[in-house]
There are 2 protein chains.
Amino acid sequence: MTESKSVNLTKRATYELRQKIIHGGLPGGTRLFEVALSEELQISRTPVREAMSRLAEEGLLERAPGGGFQVRSFTLRDVTDAIELRGVLEGTAARLAAEQGADPDKISEINILLDRLDRCFAGDGDQVDFDAYSELNGQFHARLADLCQSPVILRELERVKSLPFASPSAFVLGQAETARSHRSLTQAQAQHRAMVQAVVRREGARAEAIAREHARIARGNLEETFVADSQASDGVPGLSLIVR
Amino acid sequence: MTESKSVNLTKRATYELRQKIIHGGLPGGTRLFEVALSEELQISRTPVREAMSRLAEEGLLERAPGGGFQVRSFTLRDVTDAIELRGVLEGTAARLAAEQGADPDKISEINILLDRLDRCFAGDGDQVDFDAYSELNGQFHARLADLCQSPVILRELERVKSLPFASPSAFVLGQAETARSHRSLTQAQAQHRAMVQAVVRREGARAEAIAREHARIARGNLEETFVADSQASDGVPGLSLIVR
DNA sequence: TATACATTGTTTGTATACATCGAAGGGCAT
DNA sequence: ATGCCCTTCGATGTATACAAACAATGTATA
């Protein structure tokens, strides 16, 4: 039982395809042919079809007119809209959480996450532990949204975040200059605390407004990063999806 | 060639399954078995699988843990959240449209729709032509949202609206008493005009606020209708999906 | 009596052959 | 030369057989 390469062929195909798309191996608009892919992956058409179905569900592929699938292409406008949309949904979640009141235990856990986030860029001058920050930042956003207790809203939020460039941590990785990153992450962290405070104080409108502003900053950062260097997509998951 | 029952077996299976789910033939949580369905529909497992995949994409089914699919179940809370979410998304679309300015030609077309909507409940005392109203109302909402020019946002909005009970016209059909309907539809129509006005005047925040309030009323109407008569779901597409 | 293990049945996963549809290209007629 | 039709080819759609995974149930043994 040392060899555990078996798992599911569908899962493997889904994974391989997703990776290839995210890392730019398959440009937007590329049509995917079942036979070609199944030969390339050395599996039959069935799991390939299944994988394409799932990736379409995720939003990375779209059904082509007349059958089949093609890689979805995202313009820069699409990307900024997705981030704006994320802000809107997170704002809605925060507002609902504030309106209906949040479990104090969950608030405590969230505050612990915030403390740990602080430590990612404390001391050491302007050094920031990006990896740790991204991880914790993602957890924070997920926990905060969870407070709204609405499966329907969380589901749609997850959909939007699953677009690689739209996740709360994707843009952090896009930051090139450490100094500016340090500044903007400090600002982001202040907004994190303000959002939690607003939820605790049952100030729904304020929580929503901050969440939106928070995403707007992410959007701005991404735009700058992208415009400043079109090659910045190297190594940044998702950014390679952006065309035009 | 007189017999044109051929089309696509996948399409037929998708249609049949969707109808069965929407009309309550398959309660929420029901697990779907490929063999059973393929025998019932007299087709092979393959198009049935494909149909289930597509309905999962639509949001009517969900992937079951350990493989397979089951009918998604919606609580009353889910439904109200979905309508709230629709309001949020339509509000965002309206705000973006206002911020970036809308094509006057499209505004004209929208105004024509509004005039036709007026005629659905003009004259004849409190009589309302519900069918015509629903159709035109749906068109109005679609056209208004279109003004935002954002494929990403429109896509998510379409997703939410495709939940049968969350579409802008579904709740209209849920109205039992003609008199109250007449009153609330008059109010809705006033909001329609106010939204267009706000977009034309480039008042993004106002357009967004009205769109949200508009959906809130829909939500309230649905809740009343539903609570007043739990059997009200008869003949109202989608309402039968609601459990608890 | 309880537990471990094997056996059986049900359901999805996978491979593959065949059908069908649609587009592209070539040949024929005008 | 051009327009139309017919053929052909390549792609997805469909059927079906078989494999694998999982759960349930029964049985044997401690």
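Below, read A as the first sequence line, B as the second, and so on, with proteins coming before strands; counting in each chain starts at 1.
Neither side chain, A:Ser108 nor A:Asp105, offers a donor N or O lying under 3.5 Å from an acceptor on the other.
Taking the side chain to side chain contact (heavy atoms under 4.5 Å, CB included) definition, one finds that A:Gln100 meets it with A:Gln149, B:Arg77, sequence neighbours left out. A search for side chain to side chain contact (heavy atoms under 4.5 Å, CB included) contacts involving B:Arg49 returns A:Glu50, B:Glu34, B:Arg45, not counting sequence neighbours.
Rounding to whole angstrom units, CG of residue A:Leu37 and C1' of D:dT12 are separated by 13 Å.
With a 3.5 Å ceiling on both atom-pair distances, the Watson-Crick or G-U wobble partner of D:dA30 is C:dT1.
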In B/S/- notation (B base, S sugar-phosphate only, - none; protein heavy atoms under 4.0 Å), nucleotides 10-18 of chain C written 5' to 3' is -SBBBBBB-
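Looking only at side-chain heavy atoms (C-beta outward), B:Glu90 and B:Lys161 come within less than 4.5 Å of each other.
Annotation: the span from B:Ser38 atom OG to B:Leu9 atom CG amounts to 11.5 Å, rounded to 0.5 Å.
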